[in-house]
Amino acid sequence: MLTVVDHPRAPFIKPVITFDDGELGRAMLALWKQVAQSRPAPDAVVGIASGGLLCAEKLKDSLNLPVFSCAMRRPGTEAKRLPVLQIVLQAALRAMPYSISNCIRRIEDRQLARRATKTPTSLRQPSAQLLADVAFVAESVAAQRLRHVLIVDDAVDSGATLACVYTSLRNALPQDVSITTAVITQTRPSPAFYPDVILFRDTLCRFPWSLDFRGV
């Protein structure tokens, strides 16, 4: 069973779901079943780093599938940005009960949503790291004669990142190789790119790697 923390009754307030490693693994298997029921079963998974890759890794062992990474930034780029501040923020958030950190999440989500209504989402340009990752995926798909690729991300907010990764892969892979996109949650009703398969809609998710994760 997934743990729903502080699930509000008001329809305009988004619920917050907390996943530990076990629950995330079960959620990914549920997402996989939805994909397999409506589309050809994928023979490879591409995880969008970092959250999407961590989700994709949950399928690697249980389904014995090759998992590839596509990243918009070089590994470690985010960690280099104000690491001390990030550590302090993480400690503060993890000291809070979920009832408070859930409120902070909802406030942040509302602010980002308002900003999105004022400034239309622009499609992102692929980074050098992403182009290198896509080239490696294309070479591997050709070498292993793979036919159906699944792109996985943990969450879609604006949809700009997923759109960029999908477009880059679509341009690099042969047209007879199908691409399906799937996410744990879509947090906005109208993202720039709609995933093919979505486990939760209008739901905020706390993952094991989230700054405010403190167990379930």
Side-chain angles (χ1 to χ4, degrees), residues 2 17 19-73 75 123-124 126-127 129-188 191-203 205 207-210:
L2 295 176
I17 297 179
F19 296 91
D20 61 13
D21 283 331
E23 289 169 341
L24 180 60
R26 289 187 285 275
M28 285 305 301
L29 287 177
L31 188 66
W32 172 267
K33 289 179 181 178
Q34 288 191 25
V35 171
Q37 286 173 356
S38 60
R39 300 171 184 276
D43 44 24
V45 181
V46 174
I48 299 179
S50 58
L53 180 59
L54 294 171
C55 288
E57 290 288 348
K58 294 294 182 181
L59 298 174
K60 184 176 181 179
D61 296 332
S62 56
L63 299 176
N64 193 28
L65 290 172
V67 172
F68 304 100
S69 171
C70 276
M72 292 297 293
R73 298 183 179 89
L123 296 181
R124 302 179 65 176
S127 63
Q129 179 64 52
L130 177 59
L131 292 175
D133 290 343
V134 166
F136 178 76
V137 172
E139 292 174 4
S140 301
V141 166
Q144 300 179 41
R145 298 181 179 180
L146 305 175
R147 299 299 304 276
H148 307 291
V149 174
L150 175 65
I151 301 176
V152 170
D153 206 357
D154 53 351
V156 162
D157 301 311
S158 69
T161 298
L162 182 58
C164 185
V165 173
Y166 172 84
T167 301
S168 300
L169 278 172
R170 183 68 283 169
N171 291 337
L173 296 177
Q175 290 302 308
D176 61 349
V177 175
S178 69
I179 301 178
T180 301
T181 56
V183 299
I184 294 289
T185 184
Q186 177 181 307
T187 64
R188 309 278 167 73
F193 185 93
Y194 287 89
D196 297 309
V197 181
I198 304 163
L199 199 59
F200 296 98
R201 297 177 187 272
D202 293 324
T203 300
C205 293
F207 297 100
W209 53 86
S210 299

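For the single chain, residues carry numbers from 1 onward in sequence order. Reckoned from all heavy atoms, side chains included, excluding hydrogens, waters and symmetry mates.
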Exercise. Taking all non-hydrogen atoms of both residues into account, name the closest pair between Ser168 and Val134 and its distance.
Key: O-CG1, 3.6 Å
Self-check item: Contact summary for Asp157 and Pro191, nearest pair of heavy atoms
Solution: O-CB, 3.7 Å
Practice problem: Would you sort out whether Phe68 and Val149 count as a side chain to side chain contact (heavy atoms under 4.5 Å, CB included), showing the intermediate values? | Solution: CA-CA 10 Å; Phe68 304 100; Val149 174; over 6 Å; no
Quiz prompt | Check: Thr187 side chain, Val156 main-chain N or O, donor-acceptor pair, under 3.5 Å | solution = yes
Practice problem: Could you tell me the separation between the CE atom of Met28 and the CG atom of Asp154, rounded to the nearest 0.5 Å? | Solution: 9.5 Å
Quiz prompt | Leu199 CG to Gln186 CD distance, which is reported to the nearest 0.5 Å | solution = 12.0 Å
Exercise. Answer yes or no: does atom CZ of Phe136 have more than 12 heavy-atom neighbours from other residues, nucleotides or ligands under 6.0 Å?
Key: no
Quiz item: Do the side chain of Thr185 and the main chain of Ala155 share a donor and acceptor less than 3.5 angstrom apart?
Solution: no
Self-check item: Spacing of CG belonging to Leu162 relative to OH belonging to Tyr194, to within rounding of 0.5 Å
Solution: 13.0 Å
Going by atom type alone, with no hydrogens or angles, which donor-acceptor pairs under 3.5 Å involve a side-chain atom of residues 29-54 and a protein atom two or more places apart or on another chain?
{"unit_1": "Ser38", "atom_1": "OG", "unit_2": "Gln34", "atom_2": "O", "d": "3.2"}
{"unit_1": "Asp43", "atom_1": "OD1", "unit_2": "Arg147", "atom_2": "N", "d": "3.4"}
{"unit_1": "Asp43", "atom_1": "OD1", "unit_2": "His148", "atom_2": "N", "d": "3.1"}
{"unit_1": "Asp43", "atom_1": "OD2", "unit_2": "Arg147", "atom_2": "N", "d": "3.0"}

Exercise. Look at the side chain of Ser140 and the backbone N and O of Ala138, then say whether any donor-acceptor pair between them is shorter than 3.5 Å.
Key: no
Quiz item: Going from CZ on Arg26 to OG on Ser62, what distance comes out if it is rounded to the nearest 0.5 angstrom?
Solution: 12.5 Å
Self-check item: Gap between atom NZ of Lys60 and atom CG of Leu65 - 0.5 Å precision
Solution: 10.5 Å
Quiz item: So, for Ile184 and Cys205, which heavy atoms are closest and what is the spacing to 0.1 Å?
Solution: CG2-SG, 4.1 Å
Practice problem: Determine the minimum heavy-atom distance between Ser127 and Met72, stating which atoms define it. | Solution: OG-O, 2.5 Å
Exercise. Check step by step if side chain to side chain contact (heavy atoms under 4.5 Å, CB included) holds for Glu23 and Ile17.
Key: CA-CA 10 Å; Glu23 289 169 341; Ile17 297 179; over 6 Å; no
Quiz prompt | More than 12 heavy atoms from other groups under 6.0 Å of CG on Asn64 | solution = no
Practice problem: Examine distances only and state if a side-chain atom of Thr181 and a backbone atom of Asp196 form a donor-acceptor pair shorter than 3.5 Å. | Solution: yes
Quiz prompt | Heavy-atom check, side chain of Ile179 versus side chain of Ile151, under 4.5 Å | solution = yes
Quiz item: Partners of Arg188 by salt bridge (charged side-chain N to carboxylate O under 4.0 Å, His left out), sequence neighbours excluded?
Solution: Asp109
Exercise. With sequence neighbours excluded, give me every ring-ring contact (aromatic ring centres under 6.0 Å, His included) pair touching residues 161-186.
Key: Tyr166-Phe193
